[in-house]
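Since we're looking at a predicted model, the values are computed, not measured. Order of listing sets the numbers, starting from 1, for every ligand and every atom in it.
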Amino acid sequence: MKTKNIVLFASGSGSNVENIVRYFQDSPDIVISAVLTNNKKAKVLERCDRLAISGLYFNRIAFYDNNCVQDILKVFNPDLIVLAGFLWKLPEKIIRAFPDRIINIHPALLPKYGGKGMYGSKVHQAVKSNGDTETGITIHYVNENYDEGAIIHQAKTTISADDDVAQIAQKVHALEYEYFPMIIEKLVRVEML
Ligand code: GAR
């Protein structure tokens, strides 16, 4: 198989980024080319240093106002763009430039708990406040609306009334670590031949 390359986007801690990088680090034909972040203080950049992978910071101007990020993506020419805890809305020009090649992970069972402002612990807090007995993850294609692209994969976990927000987050992260790299691999191997 021709080598496939993947670009990751992240805004914060980047534990999913680290998990994905580690999953593919010995792969003969799938390469993580770079990690792009909108947050210069993000812990994900420290992880990139430690993992010896390119970590690139960009600001709003580079993302929304000119074509800087888009041009960087054109150079990498990724087979797949993966949003792994990335919190800015993607501009339409980038979505159009990479049709069906951008995926996101959301820490809940969409269509529940999606949309603008629903990220990270806010999602888990809402799940807890509603007294839900299950939550999970949704991996989906990215379109121009937050969390509304076609669903690729969902996985569930049960939660008990005793679980606090941190415990719910931990259960959801465990699902993310288990499924996200596998789904990425399946997409680039099977569906992008
Ligand atoms: C993950 O749980 C991911 O699902 C979520 O941010 C977290 C990032 O964690 N994404 C969203 O909420 C997007 N709406 P990480 O930085 O440790 O990988």
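Salt-bridge annotation for Lys116 and Asp147: absent, with no side-chain N of the basic residue lying under 4.0 Å from a carboxylate O of the acidic one.
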For residues 47-56, please give each side-chain donor-acceptor pair under 3.5 Å, one per line with the distance, not counting sequence neighbours.
{"unit_1": "Arg47", "atom_1": "NE", "unit_2": "Ser13", "atom_2": "O", "d": "2.6"}
{"unit_1": "Arg47", "atom_1": "NE", "unit_2": "Gly14", "atom_2": "O", "d": "3.4"}
{"unit_1": "Arg47", "atom_1": "NH1", "unit_2": "Glu18", "atom_2": "OE1", "d": "2.8"}
{"unit_1": "Arg47", "atom_1": "NH2", "unit_2": "Ser13", "atom_2": "OG", "d": "2.8"}
{"unit_1": "Arg50", "atom_1": "NH1", "unit_2": "Glu18", "atom_2": "OE2", "d": "3.2"}
{"unit_1": "Arg50", "atom_1": "NH2", "unit_2": "Glu18", "atom_2": "OE1", "d": "3.4"}

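Shown here is Lys156, whose NZ atom has no more than 12 heavy atoms of other residues, nucleotides or ligands within 6.0 Å. Within a 6.0 Å radius of OH in Tyr113, other residues, nucleotides and ligands contribute more than 12 heavy atoms.
In terms of modelled atom types and a separation under 3.5 Å, the side chain of Asp163 and the main chain of Ile168 share no donor-acceptor contact.
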What do the steps show when you test Tyr23 against Tyr179 for ring pair (Phe, Tyr, Trp, His ring centres under 6.0 Å), and what is the final call? CA-CA 11 Å; Tyr23 183 90; Tyr179 289 100; over 10 Å; no
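Protein residues having a heavy atom under 4.0 Å from any atom of ligand 1 are Ser13, Gly14, Ser15, Asn16, Gly85, Ile105, His106, Pro107, Met118, Tyr119, Gly120, His173, Glu176, listed by chain and number.
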